[in-house]
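A quick write-up on the structure given underneath.
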Amino acid sequence: MTKFNPDAIGENLLRRFAGRTSRRGILSRLGLALVAAPVFPLLPVSRAEAAKPDRTPEAKTAFARNAQTKDDTKCDYWRYCAIDGTLCTCCGGGIHSCPAGSEPSPVSWVGSCINPDDGKAYMIAYRDCCGKPSCGQCGCDNTDRATQLYLPQLNNNVIWCFGTSSMEYHCSTAMMIGAA
């Protein structure tokens with residue numbers, strides 16, 4: 001009867017493996033794995049559940065349950081779900097246009113707001129108008145689905161007057177950029 005020897009079995013397997021492979025082959029496979037690893041998060045994944053968002057009244061935020069579509073000079077207007085600042089509609093501008101004498105910031109933050117008329121979510125780009133003193137009317141601080149400051153593109157606590165002739169904040173606009 002032969003005695004079971006795990007060392008002999010391990011040695012035999014490693015000798016066969018070493019006889020069939022080369023150091024360069026192992027290094028090339030290791031290099032390929034290191035180069036390919038960062039690409040894995042970019043691969044497509046099934047988003048079937050994300051395609052069917054839950055927009056029942058219970059799933060909506062407090063802002064979405066109380067939003068209205070008639071008066072764009074009020075903080076509860078549906079596009080203002082993530083706005084923080086003075087509304088340009090109260091300062092001589094429009095919902096997506098800056099008042100005369102101010103200029104739009106080339107950068108913006110975004111929010112996803114639900115239109116109560118059709119129940120659909122839309123991406124809204126919020127842009128600060130800069131170059132004049134603050135209007136001081138219709139101040140809103142809506143933080144529906146707000147995120148922490150480490151995701152600045154989704155944070156409304158930043159003055160977004162970068163790249164303008166003046167860092168002086170005047171008011172904020174809310175332009176719909178498409179369905180969410």
Side-chain angles (χ1 to χ4, degrees), residues 1-56 58-64 67 78-85 96-98 103-115 118-131 141-169 172-180:
M1 183 191 265
T2 357
K3 187 174 177 188
F4 177 72
N5 187 350
D7 290 337
I9 293 172
E11 181 182 353
N12 193 8
L13 286 173
L14 286 175
R15 284 187 185 276
R16 271 196 248 154
F17 178 72
R20 292 187 179 135
T21 60
S22 68
R23 280 181 231 131
R24 286 184 182 164
I26 296 290
L27 289 175
S28 70
R29 287 185 182 147
L30 180 63
L32 180 65
L34 289 173
V35 169
V39 178
F40 286 126
L42 301 176
L43 294 174
V45 294
S46 174
R47 304 225 190 271
E49 288 304 311
K52 299 179 267 177
D54 184 9
R55 295 201 181 102
T56 61
E58 300 80 27
K60 290 182 180 177
T61 62
F63 181 90
W78 75 274
R79 286 190 190 187
Y80 300 151
C81 71
I83 202 164
D84 182 9
H96 50 76
S97 60
C98 291
E103 64 179 309
S105 171
V107 293
S108 63
W109 72 96
V110 295
S112 175
C113 303
I114 297 173
N115 183 336
D118 62 11
K120 295 180 182 176
Y122 295 92
M123 292 300 295
I124 308 295
Y126 300 100
R127 183 159 285 151
D128 286 346
C129 295
C130 312
D141 185 17
N142 294 331
T143 55
D144 196 27
R145 298 183 181 96
T147 62
Q148 293 77 15
L149 191 55
Y150 58 82
L151 289 173
Q153 70 275 17
L154 301 174
N155 190 286
N156 65 5
N157 287 327
V158 176
I159 298 295
W160 290 90
C161 290
F162 313 116
T164 62
S165 59
S166 169
M167 282 293 290
E168 189 170 27
Y169 170 79
S172 299
T173 63
M175 180 182 286
M176 183 169 50
I177 54 176

Closest heavy-atom pair and its distance - I177, I124
CG1-N, 4.4 Å
Measure from the side-chain N and O atoms of T173 to the backbone N and O of R127, and report whether any donor-acceptor pair falls under 3.5 Å.
yes
So, applying side chain to side chain contact (heavy atoms under 4.5 Å, CB included) with E103, which one of C129, C98, S165, S166 is it?
S165
If every non-hydrogen atom of P104 is compared with every non-hydrogen atom of T164, which pair is closest and at what distance?
O-CG2, 3.9 Å
For S22 against G25, the heavy-atom pair lying closest together:
OG-N, 3.1 Å
Indicate yes or no for a side-chain donor-acceptor contact from N142 to the backbone of Y80 under 3.5 Å, with no hydrogens or angles considered.
yes
Strictly by salt bridge (charged side-chain N to carboxylate O under 4.0 Å, His left out), give each pair with a member in residues 6-25 just once, sequence neighbours left out.
E11-R15
Checking Y126 side chain against A82 main chain: does a donor-acceptor pair fall under 3.5 Å?
yes
Give me the atom names and distance for the closest heavy-atom approach of D128 to C161.
CB-SG, 4.2 Å
Can you give me the closest heavy-atom contact between M175 and R79, atom names plus distance?
CA-NH1, 4.5 Å
ring-ring contact (aromatic ring centres under 6.0 Å, His included) against Y122, all qualifying residues, sequence neighbours excluded:
W78
